[in-house]
Amino acid sequence: MAENLIAIFDEVVARNPGETEFHQAAREVLESLGPVVAKHPEYASAEVVRRLCEPERQIIFRVPWTDDQGRVQLNRGFRVEFNSALGPYKGGLRFHPSVYLGIVKFLGFEQIFKNALTGLPIGGAKGGSDFDPKGKSDAEVMRFCQSFMTELYRYIGEYTDVPAGDIGVGGREIGYLFGHFKRITNRYESGVLTGKGLTWGGSQVRTEATGYGTVFFVAEMLAITGESFEGKRVVVSGSGNVAIYAIEKAQQLGGLVVACSDSNGYVFDEAGIDLDLLKEIKENRGRVSDYAQRRGSGVRHVKDGSIWDVPCDIALPCATQNELNGNDARHLAAAGCSIVAEGANMPSTPEAIEVMRGAGIRFAPGKAANAGGVATSALEMQQNASRDSWSFDHTESRLGEIMRSIHNRCLETAESYGQPNDYVAGANISGFTKVADAMLAMGLI
Ligand code: GLU
């Protein structure tokens, strides 16, 4: 890392003690920025990097609710509005017991660059709660969402901050959140949230967009070497929204997806994942172990062990942060894997990325490869603003174009900074310069 950037990184660590995921995300970006600040002294004199590392606004609030037994429960809510140079704050809400300020900040920080890469007018933010929707009744989830929105509504709006889903926040939660926002503000403000239902302001393809987009990105990487998904063995970690639609698109393009997972282990299905069965199980909030049981012989459920032990040509980590470590990367390399693309946010550890680099695995970071979700959210905002709704095919082809242009922008930027084929450098530099130039233009904000 360049010396002036080391000083900024040290300041980030000192100002945000204990927030290890945020430190990791910041380090990864700052490590790419050496050549950029060397070429653009104006960024240094305006302290653009230091300002970028400090969120514009951070909100933490109490979320009390009652469970089905009438007992009072308590959670903590967060919204970190990181950067609004390019547009209203935009980014999802995560409901998971692991959520604390450091996770929200890492996600919000990543979101700034990801959203810039989409080429659409959206700033970066993230929010959520340590609430665990797993095992809760619909009524409990509704009461929690209503209490959460009772506080959050003051800070959001179609021109201010537009939340959406992330881990633990899907169509059901967005419905409760939107319903309560509408009730307490007396405004049918469609553009205040994305990921809405199709009959009340949602966009076609939003549900599929993150997974589809990741696969479109990989298809672009493959095309460079004259290849395609046809006949490739693919491993997709996770079994949530991102994983399911990554599997669907990879299969549509001719890939053989042989494994997926959840927090209790992975399933290995040599014949290829039966996606209808997996979707049915997940719709009923079941586990991948149920998949193995129902699918019968030939399918293994492995409780202890890493899904990255399964040999594949293409690996798509679509579960959560730091799920693929250095050892996993070594196993992937030894088994001949040639592409890793992140459907989740920051699923690869820094050591894993180092190992992949050394082994010649082509690696697409999440802020580029999984940007299709938030890009389609921006398309949902466009449709809401014009009170229109587009067809599935039209929206999917817009998503395809956006992923192609992100891919090409990453490669062109990496090339122009002397780091050909480095998607990490390309994504970080391209996202950064767009935001930095807007911040310079707007003066000291
Ligand atoms: N949570 C998603 C992401 O990580 C989507 C955010 C959004 O649509 O605003 O990009």
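Excluded from the calculations below are hydrogen atoms, water molecules and symmetry mates; all remaining heavy atoms, backbone and side chain alike, are included. In listed order, ligands and their atoms are each counted from 1.
- Ring geometry, Phe95 versus Phe148: the interplanar angle exceeds 60°, so the pair is classed perpendicular (tilted spans 30 to 60°).
- With Val236 as the fixed residue, the side-chain contact (heavy atoms from CB on, under 4.5 Å) test singles out one of Ile244, Ile314, Ile247: Ile247.
- Using modelled atom types, one finds no donor on one side chain facing an acceptor on the other under 3.5 Å when comparing Ser190 with Lys196.
- Counting atoms of ligand 1 from 1 in the listed order, those under 4.0 Å from a heavy atom of Ser377 are 7 (C), 8 (O), 9 (O).
- For the side-chain contact (heavy atoms from CB on, under 4.5 Å) with Met356, the lone residue among Val424, Ile339, Ile361, Leu332 that qualifies is Ile361.
- Every heavy atom of Pro163 sits 4.0 Å or more from the atoms of ligand 1.
- The cationic group of Lys126 does not satisfy the cation-pi geometry with Phe109, failing either the under 6.0 Å distance to the six-membered ring centre or the 45° limit from the ring axis.
- Of all protein heavy atoms, the one lying nearest to atom 9 (O) of ligand 1 is Lys90 NZ, 2.7 Å.
- Looking at atom 3 (C) of ligand 1, its nearest protein heavy atom turns out to be Lys114 NZ, 3.3 Å.
- Checking Tyr212 against Glu248 by side-chain atom types alone, a donor-acceptor pair falls below 3.5 Å.
- Counting atoms of ligand 1 from 1 in the listed order, those under 4.0 Å from a heavy atom of Lys126 are 1 (N), 2 (C), 3 (C), 4 (O).
- Near Gln111, meaning under 4.0 Å from one of its heavy atoms, ligand 1 places the atoms 3 (C), 4 (O), 6 (C), 10 (O).
- The nearest heavy-atom contact from the protein to atom 6 (C) of ligand 1 is Gly92 N, 3.5 Å.
- The aromatic rings of His407 and Phe217 sit perpendicular, their planes meeting at an angle over 60°, well past the 30° parallel limit.
- Of all atoms in ligand 1, numbered sequentially from 1 with element shown, those under 4.0 Å from a heavy atom of Asn345 are 4 (O).
- Under a 4.0 Å criterion applied to the non-hydrogen atoms of Ala164, ligand 1 contributes the atoms 7 (C), 8 (O), 9 (O).
- The protein heavy atom nearest to atom 5 (C) of ligand 1 is Arg206 NH2, 3.4 Å.
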